[in-house]
2 protein chains.
Amino acid sequence: MDKKKCSSSKEKCALQEILGVIGGKWSMSIIYALFTGKKRFSELERMVPNINTRMLVKELKNMEANGIVVREVFATVPPTVEYTLTTKGRKLEPIINELYKWGVEYVG
Amino acid sequence: MDKKKCSSSKEKCALQEILGVIGGKWSMSIIYALFTGKKRFSELERMVPNINTRMLVKELKNMEANGIVVREVFATVPPTVEYTLTTKGRKLEPIINELYKWGVEYVG
DNA sequence: CGGTATCCAATTTGATACTG
DNA sequence: CAGTATCAAATTGGATACCG
């Protein structure tokens, strides 16, 4: 949000702006988990290995602010909150899948 | 290197292992800079906005250890060091370009 | 030029406890 | 369940000094 911007031309910083949106340590894993459909907070917490509550909240807020996920609250008892990818978020699916394939082939 | 591994199944952690390789704050920007060919250390320092020497060294070492870049030293005066993408690294080109296009369309 | 080493400040992340 | 609050630990950033 209020991060220091690139000092030089905006052109050269595009990638870093993008990474500010989806380059967080956990963002891609969360997006990946959401490819299979809408998920509750606790489901994401289980699906994204090693993440903790604070970081999941933080990343989800960032992603929501950047229009990648939608947060829906249901006034049930106990409360239910569901997260879904937006169209913009779903456009990342082929890219992340390719990255995943790259990793499976080359990383391990 | 000696980061704590995922505790549960390896399957679910693949993405996070991949991000450990290319998900660093600067890795993709460095790789992006190397798409246009081999670069000297100081060129990279100029091409990757806002990075500092320490982090550039650190990321390059990590990338070299993971077989993404090759480091070549030439015993000239003053010394010359050049970094090049490996085949493995170049395979990331279409993926990062797609990511870039996604960002241009949706972020900037 | 291409680093390494060091010190310190700032930011980010992790772990745990707690709440509507 | 879905978070918030808080503090500790780790990482990063910045400046400076030094070296082969």
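In the text below, chain A, chain B and the rest are named by the order of the sequence lines, each starting its count at 1. Both backbone and side-chain heavy atoms feed into the values below; hydrogens, waters and symmetry mates do not.
- Of the candidate nucleotides dG2(C), dC1(D), dT4(D), dG2(C) has the atom lying nearest to any side-chain atom of Thr80(B).
- The side chain of Tyr83(A) places no N or O atom within less than 4.0 Å of a non-bridging phosphate oxygen (OP1 or OP2) of dC1(D).
- Toward the 5′ end of DNA chain C lies the nearest nucleotide of Trp26(A), the other residue of the pair Trp26(A) and Pro79(A) mapping further downstream.
- For the OP1/OP2 pair of dT4(D) and a distance below 4.0 Å, the side-chain nitrogens and oxygens of Lys61(A) include at least one atom meeting the criterion.
- Two residues, Arg54(A) and Val81(A), neighbour DNA chain D, and the one matched to the more 5' nucleotide by heavy-atom proximity is Val81(A).
- The CE atom of Met55(A) sits 15 Å away from the C1' atom of dT4(D) (whole-angstrom rounding).
- Note on Phe74(B): nothing from the nucleic acid sits closer than 4.0 angstrom, heavy atoms only.
- Residues Lys39(A) and Thr36(A) have side chains that bring a donor and an acceptor to within less than 3.5 angstrom of each other.
- A salt bridge links Glu72(A) with Lys38(A): at least one charged nitrogen is closer than 4.0 Å to a carboxylate oxygen.
- Between its two ends, the helix from dC1(C)-dG20(D) to dG20(C)-dC1(D) turns its axis by 50°, counting five pairs per end and rounding to 10 degrees.
- Screening residues 30-55 of chain B for ring pair (Phe, Tyr, Trp, His ring centres under 6.0 Å) gives Tyr32(B)-Phe35(B), Tyr32(B)-Tyr100(B) as the qualifying pairs, with residues at least two apart or on separate chains.
- Salt bridge annotation for Lys101(B)-Glu98(B): present, with a cationic side-chain nitrogen under 4.0 angstrom from a carboxylate oxygen.
- The side chain of Ser42(B) places no N or O atom within less than 4.0 Å of a non-bridging phosphate oxygen (OP1 or OP2) of dC1(C).
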